Amino acid sequence: AIEARVCAERYEGAFLPATGVLTAFHIPEQYGGARIDTGVEAGSRITHYYDSLLAKVITAADTREEAILALTRTLAETTLAGVRSNVSLLIRYLESAPFVGARHHTGTLPSLLPSDEERMELARRLAFERLAIEYGDRPSASTPWGEPGGFRIVAPLERRHRFEVEGVTVEAAVRGSATAGYAAELRTPDGTVQGGALPTPNPLSRLQGDFLCTAIGSFEIRSLPLSLRRSAGDSAAGTGEIRSPLPGRISKLLKAPGDPVAEGEVVMVLESMKMEHPLRAPRAGVLAAIHTAVGSAVESRTLLAEIGS
């Protein structure tokens, strides 16, 4: 038997816990007599007051290989939306050569975390899949007047989209029509441009609001306003802002206004889901202001402090 623990967390961000409302939650039980131990369901609010565990998923079989396959299939067909989770990382681990060959150890997990290049590639792939679902669901237009999104005579109409896929921004341009088919061109911050015809949607992929549930896991893919553009100076390091990465409670303040701080130095500590998260200075300077106090409850993205020059 093998057990996997499904947790509400963002593994690409130092395994920070995630919060929100589960808009969809279903783990199938038909593979390997899967046993699902959980206390949540669709509609449950995941808060920072408890730990990040959502479910324990256990499969059993006559051999280790069969148990691994049953657990992988169970997670691949899991629908989990509304809250970020580690489902995709669990699938990646179960399918890895070290785990399949029983050669895994404490250093295996860090080696399986996706690189920046892999994250960019995955973001483009998922954005492409979301567009295939969205445009594939549009009814065919028998006349130009029925074309979704409008049309124009002199040139094909281009529809633009911006997505944030697991923290990576993807810009997309879609051209074509419901009758002739659509093609998309995607660009990620690393400068890579990838394009092609939008395929028939994968029947194993389910779009649940801003979450795309696929055979390799559930991923957040938010639609962004086209006008929302960031320059290098808008980053946290450029502005000197310290913002809460998630909801929680301020448990410690280690600096006071007027204190000098070095880049990466811990300024305060946030407690969330039974864990302490050090919040560091994004750049060197002088602590200009603190907008919170010990014991204060804060929401995600709350401005907590500012670093001046």
Side-chain angles (χ1 to χ4, degrees), residues 1-48 50-114 118-119 122 126 166-167 202 204-206 208 211-221 246 272-275:
I2 300 180
E3 175 185 298
R5 297 193 172 198
V6 177
C7 296
E9 62 187 13
R10 295 173 286 169
Y11 64 80
E12 83 288 353
F15 291 92
L16 289 177
T19 58
V21 176
L22 286 170
T23 55
F25 185 77
H26 173 71
I27 302 176
E29 301 180 20
Q30 66 263 38
Y31 303 116
R35 169 180 162 180
I36 316 299
D37 292 346
T38 184
V40 300
E41 60 185 1
S44 294
R45 180 175 293 276
I46 310 304
T47 71
H48 63 276
Y50 305 100
D51 63 38
S52 60
L53 182 64
L54 297 177
K56 298 176 183 177
V57 184
I58 306 160
T59 57
D62 293 334
T63 67
R64 183 174 184 274
E65 291 74 18
E66 291 174 329
I68 291 174
L69 179 60
L71 185 54
T72 303
R73 291 188 67 182
T74 298
L75 294 173
E77 295 186 22
T78 290
T79 299
L80 196 162
V83 177
R84 297 278 293 277
S85 75
N86 65 339
V87 170
S88 62
L89 183 60
L90 291 172
I91 294 173
R92 189 182 179 101
Y93 197 95
L94 288 168
E95 294 179 337
S96 69
F99 185 78
V100 172
R103 301 188 308 275
H104 56 294
H105 49 78
T106 55
T108 301
L109 182 60
S111 71
L112 294 176
L113 294 176
E118 289 175 316
R119 290 183 62 221
L122 177 64
L126 294 173
E166 301 282 300
N202 187 329
L204 295 180
S205 296
R206 295 88 64 200
Q208 301 278 343
F211 281 76
L212 183 62
C213 303
T214 74
I216 59 170
S218 299
F219 303 90
E220 185 178 31
I221 175 167
L246 68 163
S272 182
M273 289 188 173
K274 301 181 181 179
M275 297 175 63

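All of these numbers come straight from a predicted model, not from anything done at the bench.
Between the CD1 atom in Ile36 and the CD1 atom in Ile58 there is a gap of 8.0 Å [rounded to 0.5 Å]. Within the model, atoms CD of Gln208 and SG of Cys213 stand 5.5 Å from one another, a figure rounded to the nearest 0.5 Å. Here the CG-CG distance, from Leu71 to Leu90, works out to 8.0 Å after rounding to the nearest 0.5 Å. Here Cys7 contributes atom SG and Ile46 contributes atom CD1; the two are 11.0 Å apart, rounded to the nearest 0.5 Å.
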Would Ser44 and Phe25 satisfy side-chain contact (heavy atoms from CB on, under 4.5 Å), going step by step from the backbone distance to the final call? CA-CA 9 Å; Ser44 294; Phe25 185 77; over 6 Å; no
Check against side-chain contact (heavy atoms from CB on, under 4.5 Å), Arg5 and Leu53: CA-CA 7 Å; Arg5 297 193 172 198; Leu53 182 64; 3.8 Å; yes
Apply side-chain contact (heavy atoms from CB on, under 4.5 Å) to residues Thr72 and Ile91 and explain how you reach the verdict. CA-CA 6 Å; Thr72 303; Ile91 294 173; 4.3 Å; yes
Does Arg206 form a side-chain contact (heavy atoms from CB on, under 4.5 Å) with Thr79? I'd like the steps, not just the answer. CA-CA 8 Å; Arg206 295 88 64 200; Thr79 299; 3.0 Å; yes
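Annotation for Glu41: atom CD does not count as buried by contact number, only 12 or fewer foreign heavy atoms lying within 6.0 Å.
Here the side chains of Leu113 and Leu89 are in contact, with some heavy-atom distance below 4.5 Å. Using a 4.5 Å heavy-atom threshold, the side chains of Leu212 and Ser218 count as separate. Asn86 places a side-chain heavy atom less than 4.5 Å from the side chain of Val6. At a threshold of 4.5 Å between non-hydrogen side-chain atoms, the residues Asn202 and Thr214 do not count as touching. Two residues are said to be in side-chain contact when any heavy atoms from C-beta on lie closer than 4.5 Å; Leu122 and Ile216 meet this criterion. When side chains are defined from C-beta on, Leu22 does not count as touching Phe211, because their heavy atoms never get closer than 4.5 Å. Counting only heavy atoms from C-beta outward, the side chains of Leu75 and Leu94 approach each other to under 4.5 Å. His48 places none of its side-chain heavy atoms less than 4.5 Å from the side chain of Pro17.
For the side-chain hydrogen bond (donor to acceptor under 3.5 Å, both in side chains) condition, the pairs that include at least one residue of residues 17-34, sequence neighbours left out, are Tyr31-Arg73, Tyr31-Glu77. The stretch residues 51-97 participates, sequence neighbours left out, in these ring pair (Phe, Tyr, Trp, His ring centres under 6.0 Å) pairs: Tyr93-Phe99. Note on residues 88-102: pairs passing salt bridge (Lys or Arg N to Asp or Glu O under 4.0 Å), not counting sequence neighbours, are Arg92-Glu118.
Considering every non-hydrogen atom in both Leu16 and Leu246, the closest pair reads CD2-CD2, 4.4 Å. Looking at every heavy atom in both residues, Val21 comes nearest to Gly43 through CG1-O, 3.9 Å. Of all heavy-atom pairs between Ala61 and Ala67, the closest is CB-N, 3.6 Å. Between Ala55 and Ile27, the shortest heavy-atom contact is CB-CD1, 3.9 Å. Annotation for Ala18 and Arg10: closest pair CB-CG, 4.4 Å, computed over non-hydrogen atoms. When all heavy atoms of Thr108 and Pro98 are compared, the pair lying nearest together is CG2-CB, 4.0 Å.
By the salt bridge (charged side-chain N to carboxylate O under 4.0 Å, His left out) test, Arg64 pairs with no residue at all, sequence neighbours left out. Qualifying salt bridge (charged side-chain N to carboxylate O under 4.0 Å, His left out) partners for Glu220, counting only residues two or more places apart in sequence or in other chains: Arg84. Under the rule for a salt bridge (charged side-chain N to carboxylate O under 4.0 Å, His left out), the partners of Arg35 that lie at least two apart in sequence or sit in another chain are Asp37.
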